[in-house]
Amino acid sequence: MNIEEYNFLALRTAPDCDQLNSNLTHAALGIAGEAGEIVDTIKKVVFNGRAFDRSALVAEIGDTVWYINLLIATLGTTWEEVLTKNIAKLEARYPTNSYDHECSINRDDKKEAAAMVSVCRT
């Protein structure tokens, strides 16, 4: 499934995207809640000796993506814009296109913001 197909199918189960404040809150709280479930799943493996359940973790990631998709739709943007701007920011942060601890710590926020602005809005 590609992201456009997912977007269409997932939004069938979303509230009316014209309710800006309500959907922003719903999406933000949903992302936080699902992220907490991801963290809790990993915590139970690392600290409680529970067996790693890949399927459960994939399901929680899917739930998180649903809320991110709702946020994207509510903002009137697209996955393409979000992903393109994220890559532009990462390329500005990591000039060698590889993780670098120093670059991660010593970020140039202005350079990253400029890189995202230079990417056309879709």
Closest heavy-atom pair and its distance - [X], [Y]:
| X | Y | value |
| --- | --- | --- |
| T64 | A35 | OG1-N, 4.2 Å |
| K111 | P95 | NZ-CG, 4.5 Å |
| A115 | A92 | CB-CB, 3.8 Å |

Partner residues of [X] under the side-chain contact (heavy atoms from CB on, under 4.5 Å) criterion, sequence neighbours left out:
| X | result |
| --- | --- |
| E37 | E34, E60 |
| R107 | R93, S104, D109, E112 |
| V39 | none |

Query raised in the report: Where does the angle between the aromatic ring planes of H26 and Y67 fall among parallel (under 30°), tilted (30 to 60°) and perpendicular (over 60°)?
Result: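 H26 vs Y67 ring planes: perpendicular.
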
Query raised in the report: With a 4.5 Å heavy-atom cut-off, do I42 and F52 have their side chains touching?
Result: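 Side-chain contact under 4.5 Å: no.
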
Requested in this report: Compare all side-chain heavy atoms of P15 with those of S22 and state whether any distance is below 4.5 angstrom.
Outcome: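 SC-SC contact between P15 and S22 ruled out.
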
Separation of [Y] [atom2] from [X] [atom1] (nearest 0.5 Å):
| X | Y | atom1 | atom2 | result |
| --- | --- | --- | --- | --- |
| I61 | R54 | CD1 | CZ | 8.5 Å |
| L83 | T78 | CG | OG1 | 8.0 Å |
| I87 | N97 | CD1 | CG | 9.0 Å |
| K89 | Y94 | NZ | OH | 9.5 Å |
| K44 | D53 | NZ | CG | 11.5 Å |
| I31 | L71 | CD1 | CG | 5.0 Å |

**Report entry** Enclosure of Y99 OH (heavy-atom neighbours >12, cutoff 6.0 Å)
**Finding:**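 Buried by this count: over 12 neighbours within 6.0 Å.
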
Query raised in the report: Hey, is the main chain of E102 close enough, under 3.5 Å, to the side chain of D100 for a donor-acceptor pair?
Result: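 Yes: the side chain of D100 pairs with the backbone of E102.
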
Requested in this report: Test side-chain contact (heavy atoms from CB on, under 4.5 Å) on W79 and N69 and set out the steps.
Outcome: CA-CA 8 Å; W79 278 98; N69 195 64; 2.5 Å; yes

In one Ile/Leu/Val/Met/Phe/Trp/Tyr side-chain cluster, 4.5 Å: [X], [Y]:
| X | Y | result |
| --- | --- | --- |
| I3 | F8 | yes |
| L29 | L24 | no |
| V46 | V58 | no |
| V117 | L90 | no |
| I38 | V45 | yes |

Query raised in the report: Looking just at side-chain N and O atoms, do E80 and T84 make a donor-acceptor pair shorter than 3.5 Å?
Result: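 The answer is no; no qualifying pair exists.
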
